[in-house]
Every structure is written in C-alpha cells, then in structure tokens.
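Since this is a predicted model, take the numbers as computed values, not measurements. Side chains included, hydrogens not; waters and symmetry mates left out as well; all remaining heavy atoms used. Residue numbering restarts at 1 for every chain, and letters A, B, ... go by the order of the sequence lines.
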Number of protein chains: 2
Amino acid sequence: MAYTETVDRILDAAELLFAEKGFSETSLRMITSKAKVNLAAVNYHFGSKNALIQAVFSRFLRPLSHLMEEGLKKHQWDLDSGQAPDIEQILRLYTHCLLDIPTRHENGVSIFMRLLGLAYTQSQGHLRLYLEEEYSVTFKFILMMVKESTPQLSTEERFWRTQFTLGAMAFTMSSIQPLTDILENKQGSKADPEKVIDFLVPFLVAGLKTPPIQE
Amino acid sequence: MAYTETVDRILDAAELLFAEKGFSETSLRMITSKAKVNLAAVNYHFGSKNALIQAVFSRFLRPLSHLMEEGLKKHQWDLDSGQAPDIEQILRLYTHCLLDIPTRHENGVSIFMRLLGLAYTQSQGHLRLYLEEEYSVTFKFILMMVKESTPQLSTEERFWRTQFTLGAMAFTMSSIQPLTDILENKQGSKADPEKVIDFLVPFLVAGLKTPPIQE
DNA sequence: AAACATTCCAAACGGATGTTTTAAACATAC
DNA sequence: GTATGTTTAAAACATCCGTTTGGAATGTTT
C-alpha cells in the first residue's frame with residue numbers, strides 16, 4: 001500500500017469517524033466527504049470498506065506491536081528462564097508502549113483504545129480474523145507472560161481476569177474525554193492519559209493479585 | 001403500550017437479534033420474519049425502530065431498576081445514617097438483581113448482559129438519552145453509596161475507579177457470548193454468567209479497596 | 001512529443017433499509 | 001350492527017448503502 005496523501009486523508013477521517021460512531025454506523029460517504037476526497041477513492045485504494053477498517057487498525061497496531069516486542073527484548077524476559085516478571089511490570093510495559101505510539105490526532109490514545117474496544121464488542125467477523133492472523137504472535141506472548149506471573153490462578157480464572165483487565169483499559173481510555181468533545185476541539189479540564197494510567201495500573205494489579213476463588 | 005401477542009413476539013425476536021448482531025446490523029425485516037409478523041407491525045406498534053430498541057431495554061430495565069430499589073430498601077441503607085455499606089455488598093446486590101430478572105429466553109441473563117454492554121459501548125445517542133432520563137435516579141443513588149463506602153479515596157481517584165469498574169463489567173458483558181465460545185473451544189467448560197460474576201466481583205472489590213495513590 | 005501508468009472524478013448501478021400507504025380481514029365491545 | 005382497534009398482505013416510497021464504470025486529468029518514462 002503506497003501511502004499517498006489521499007490514502008492518509010482517508011485513514012485519518014475513517015479513524016475518527018469509526019471511533020466516534022462505530023463501523024456500521026459510518027458510511028463511506030461520511031468518510032470521503034470529511035477527508036475531502038472522491039467517493040470512489042476508498043474502493044480504488046483499499047478495495048472495500050472492510051479492507052479500509054483493517055487498514056485503520058494496521059496503522060496503529062503495527063507500531064504498537066513493534067514497540068511491545070522491543071520492550072520485551074529490552075527486559076530480556078524469557079518464558080523458560082523460570083524468572084517470571086511481576087504482573088505490574090507487564091502492565092507498565094504495555095501502557096507505556098500505548099502512550100508511545102505516534103498519533104495523528106490529538107487524544108490519539110483515546111481513539112486507539114476506543115477502536116480496540118469496538119473491535120472486541122462489535123461483532124465484525126472479518127476484523128477478528130484479520131487481527132488474529134496479523135498480531136496474534138505478540139499478544140500470545142504477552143498472555144504467556146501473564147500466565148507465568150499468575151501461577152496461582154486456574155486457567156479459567158486467569159482468562160476472565162484478563163478480560164476484566166482489557167475491559168477496564170479499553171472502556172476507560174476510550175471515554176477519557178467524550179469523543180464528541182474531542183472532535184469539536186472543545187477544551188476544558190483535559191484529562192491526562194498518563195495520570196489515568198497511574199490510577200489504573202494499581203487498581204488492576206490489586207484485582208489480578210487477589211487470591212483466587214477457585215483453589 | 002398494550003402487550004398483545006404480536007408486541008411480545010416482536011420484542012422477543014428483537015431482543016435476541018440485537019444481542020446477537022447489534023442494533024444497526026439488525027434490520028426490521030430480520031425481526032419481523034423471525035417473529036413471524038408483518039413488517040408494518042413494528043411501525044404500527046412502536047412507531048420507529050429506535051422506539052423498538054428503547055422498548056426492548058425497558059422490558060428488562062424496569063424490573064432491574066425495581067429489584068434494585070427493593071434491595072436497597074431491604075438493606076435499609078441510608079445516605080444520612082453514617083453507616084456506609086461495604087463496597088462488596090453493593091456490587092453483590094447489583095449482580096444478584098441482574099440474575100433475578102425474569103427472562104423470556106434460555107440464557108436470558110447472557111442476553112441482558114450483552115444488551116447492557118451494547119448500550120454502553122455502542123454509541124446510540126437516542127438510547128443514551130433515553131436511559132439517562134428513565135433510570136438515572138437509581139444509578140445516581142448507587143454512585144452515592146459508592147462514595148459513602150470509599151471515603152479514603154479522593155474524588156478524582158474514586159471517579160476513575162468507578163470508570164474502571166464499569167468498563168470491566170460492560171466490556172465483559174458485551175463480549176461474553178463470543179468469549180464463551182472461545183473458552184469452550186479451548187477447554188470444555190461452559191461459562192455461565194453466574195460463574196463469571198463470581199470471578200468478577202472479587203476482582204473489582206480488590207481493585208476498589210486497594211490503597212489510593214493519592215493520599 | 002508520444003506512450004504509458006496511475007490517480008481522480010462525476011455519475012450511475014443494484015440492492016437494502018426504514019417507513020408509509022392501500023386494502024381487506026378479524027376480533028372485541030358497546 | 002356498528003364502531004374501534006388489531007393484524008395481515010402487498011406494494012410503493014424515499015433514501016441510503018457499497019461498489020463499479022468510463023473517461024478525464026495527472027505524472028512519469030521513453
């Protein structure tokens with residue numbers, strides 16, 4: 001995919017509109033008129049609306065995945081070393097990488113998290129498949145790290161606690177500022193994502209570390 | 001709204017399809033053909049598709065709200081008594097009420113949870129307004145109870161922890177069906193909502209009770 | 001300059017959507 | 001029996017959707 005200016009303008013507009021309205025609720029005509037490009041440009045450059053959705057995700061998941069792998073290497077964590085990292089360190093690494101993604105909009109982090117949440121909750125079969133194929137390696141490795149760090153949990157309880165963690169993160173990050181306000185460029189007491197994460201991580205760590213109900 | 005048989009059949013079908021596919025992805029023709037009623041019946045009885053969505057929510061939110069108020073009365077919790085309930089009791093009351101709603105389908109609880117999650121994550125403007133107008137009293141009262149039960153938290157940290165809690169609940173609920181499928185493929189155990197809640201509450205309680213970072 | 005490939009654009013296509021309208025049947029109550 | 005409300009049927013409505021088309025514009029290469 002050659003990144004011409006038209007392609008970028010489409011991706012920028014689509015990213016904002018998808019995050020604000022959802023996928024089905026955003027039409028190609030909304031996107032192209034916001035991006036100030038011709039309607040046919042989407043199908044010309046991306047092929048289909050579904051491919052555009054996937055491209056939007058790729059543009060921020062690729063850097064995120066890359067940052068994560070670098071971070072993991074730097075810590076020299078290894079599954080076979082027997083030295084499991086603390087669960088808090090894993091969360092810190094993940095949130096730190098999130099904040100370091102280069103963003104194309106203000107409040108880019110909020111938008112990314114909102115999109116991530118939508119990817120989970122909106123039943124877009126094609127998107128689920130695509131994400132699974134493209135980025136499962138990195139995320140599976142993280143899941144393995146979580147497993148090493150929480151040996152006291154049953155597989156089932158660990159699975160659900162991971163979901164709770166994801167939910168708290170995605171939901172909170174996506175509502176850091178009502179997205180309408182973001183788009184209107186309305187300013188006020190702007191909530192700093194870093195500060196929210198400082199609140200979030202101890203909350204999640206406490207939940208993850210609490211004794212299991214299934215012995 | 002007179003609850004004739006046609007009305008109920010429409011609501012039953014809509015409830016299932018909305019929970020399965022989401023609102024935008026469910027057409028009136030899908031609903032009426034599943035309910036085996038005429039297409040025009042929806043607009044005749046409900047007026048519009050949006051009104052139908054609201055009616056689906058009312059049918060299970062009204063009993064839920066009622067159960068909550070009864071539960072609060074039974075515990076004789078009072079904001080001015082100075083006797084703050086434990087935060088776990090509040091969460092338990094809420095989740096128990098959720099499980100006690102009379103359901104019209106098998107897996108009714110899963111369906112309600114999924115709908116509740118969709119209401120939060122799917123940005124349906126009209127739905128958000130409607131829920132706000134109809135059920136904000138009960139909701140605000142719960143927030144006051146949470147405040148009483150967590151006096152050690154600053155207003156800011158309590159606000160965010162409430163967001164984390166809501167996020168974990170809504171996110172898990174809205175994706176509970178797809179997740180259950182994942183889990184079933186992974187291992188034979190079928191996940192029923194009660195079990196998920198049993199995992200969820202201790203996780204949230206631990207997070208809510210952990211010492212604040214802001215002293 | 002000529003040939004080529006790429007990008008852009010206005011318009012149209014076929015289909016699905018929510019909604020409305022017509023008419024006729026059916027039930028129930030006064 | 002007449003009035004009132006409910007249901008079905010079939011069709012049309014206006015609109016929106018994703019996608020496709022043919023040709024014009026643009027840039028690059030020979």
Side-chain angles (χ1 to χ4, degrees), chain A residues 1-59 115 118-119 122-130, chain B residues 1-59 118 122-130:
Chain A
M1 167 72 58
Y3 272 68
T4 69
E5 200 198 312
T6 302
V7 168
D8 273 331
R9 286 236 298 278
I10 293 175
L11 285 172
D12 289 344
E15 188 174 289
L16 282 174
L17 287 170
F18 284 152
E20 184 191 352
K21 301 173 180 300
F23 306 114
S24 305
E25 295 80 1
T26 302
S27 71
L28 292 183
R29 286 169 175 83
M30 293 181 199
I31 294 171
T32 52
S33 79
K34 184 184 184 74
K36 295 196 174 72
V37 300
N38 189 269
L39 168 62
V42 171
N43 287 77
Y44 175 77
H45 285 286
F46 297 91
S48 68
K49 183 182 180 181
N50 280 351
L52 170 62
I53 295 177
Q54 295 172 8
V56 167
F57 274 85
S58 279
R59 194 171 61 159
L115 286 175
L118 285 181
Q122 297 220 355
S123 58
Q124 295 267 339
H126 70 94
L127 185 56
R128 212 173 268 261
L129 271 176
Y130 171 76
Chain B
M1 170 74 59
Y3 273 70
T4 68
E5 201 200 313
T6 302
V7 168
D8 273 330
R9 288 235 299 277
I10 293 175
L11 285 173
D12 288 344
E15 188 174 288
L16 281 176
L17 288 171
F18 285 154
E20 183 188 346
K21 301 172 180 298
F23 306 114
S24 305
E25 295 82 359
T26 303
S27 72
L28 291 183
R29 285 168 176 83
M30 293 181 199
I31 295 171
T32 52
S33 78
K34 184 184 183 76
K36 294 195 174 73
V37 300
N38 190 269
L39 169 62
V42 170
N43 287 81
Y44 175 78
H45 285 288
F46 298 92
S48 68
K49 183 182 179 180
N50 280 350
L52 170 61
I53 295 176
Q54 294 172 8
V56 167
F57 274 85
S58 279
R59 196 171 60 159
L118 283 183
Q122 204 135 333
S123 69
Q124 294 265 340
H126 70 95
L127 185 56
R128 209 171 269 264
L129 270 177
Y130 171 76

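When the side chain to side chain contact (heavy atoms under 4.5 Å, CB included) test is applied to L28(A), the partners found at least two apart in sequence or on another chain are I31(A), L39(A), V42(A), N43(A), K49(A), L52(A). Checked against side chain to side chain contact (heavy atoms under 4.5 Å, CB included), A41(A) has the following partners two or more places apart in sequence or in another chain: T6(A), I10(A), V37(A), H45(A). Residues passing the side chain to side chain contact (heavy atoms under 4.5 Å, CB included) test with S33(B): none are found, sequence neighbours excluded.
Considering only heavy atoms from C-beta on, N38(A) stays 4.5 Å or farther from Y44(A) through its side chain. A 4.5 Å side-chain heavy-atom check between F23(A) and V56(A) finds every atom pair outside the cut-off. Inter-residue side-chain proximity for E25(A) and L17(A) is flagged as unmet; no heavy-atom pair is nearer than 4.5 Å. T26(A) is not listed as a side-chain neighbour of K34(A), based on a closest heavy-atom distance of 4.5 Å or more. Looking at F18(A) and L115(A), their side chains come closer than 4.5 Å, going by heavy atoms from C-beta outward. Between D12(A) and R9(A), the closest side-chain pair of non-hydrogen atoms is not below 4.5 Å.
Between the S24(B) side chain and the S24(A) main chain, no donor and acceptor come within less than 3.5 Å of each other.
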Fill in the blank from the handout: A correct 5'-to-3' footprint of nucleotides 8-20 of chain C, with B, S and - meaning base, sugar-phosphate only and no protein heavy atom under 4.0 Å, is SBB-B----BBBB
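For the pair E25(B) CD and dG18(D) C1', the computed distance is 15 Å after rounding to whole Å.
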Scan nucleotides 25-28 of chain C against the protein and return all N/O pairs shorter than 3.5 Å with their distances rounded to 0.1 Å.
none

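Comparing the helix axis at one end of the helix from dA1(C)-dT30(D) to dT22(C)-dA9(D) with that at the other, each defined from 5 consecutive pairs, gives an inter-axis angle of 10° (nearest 10°).
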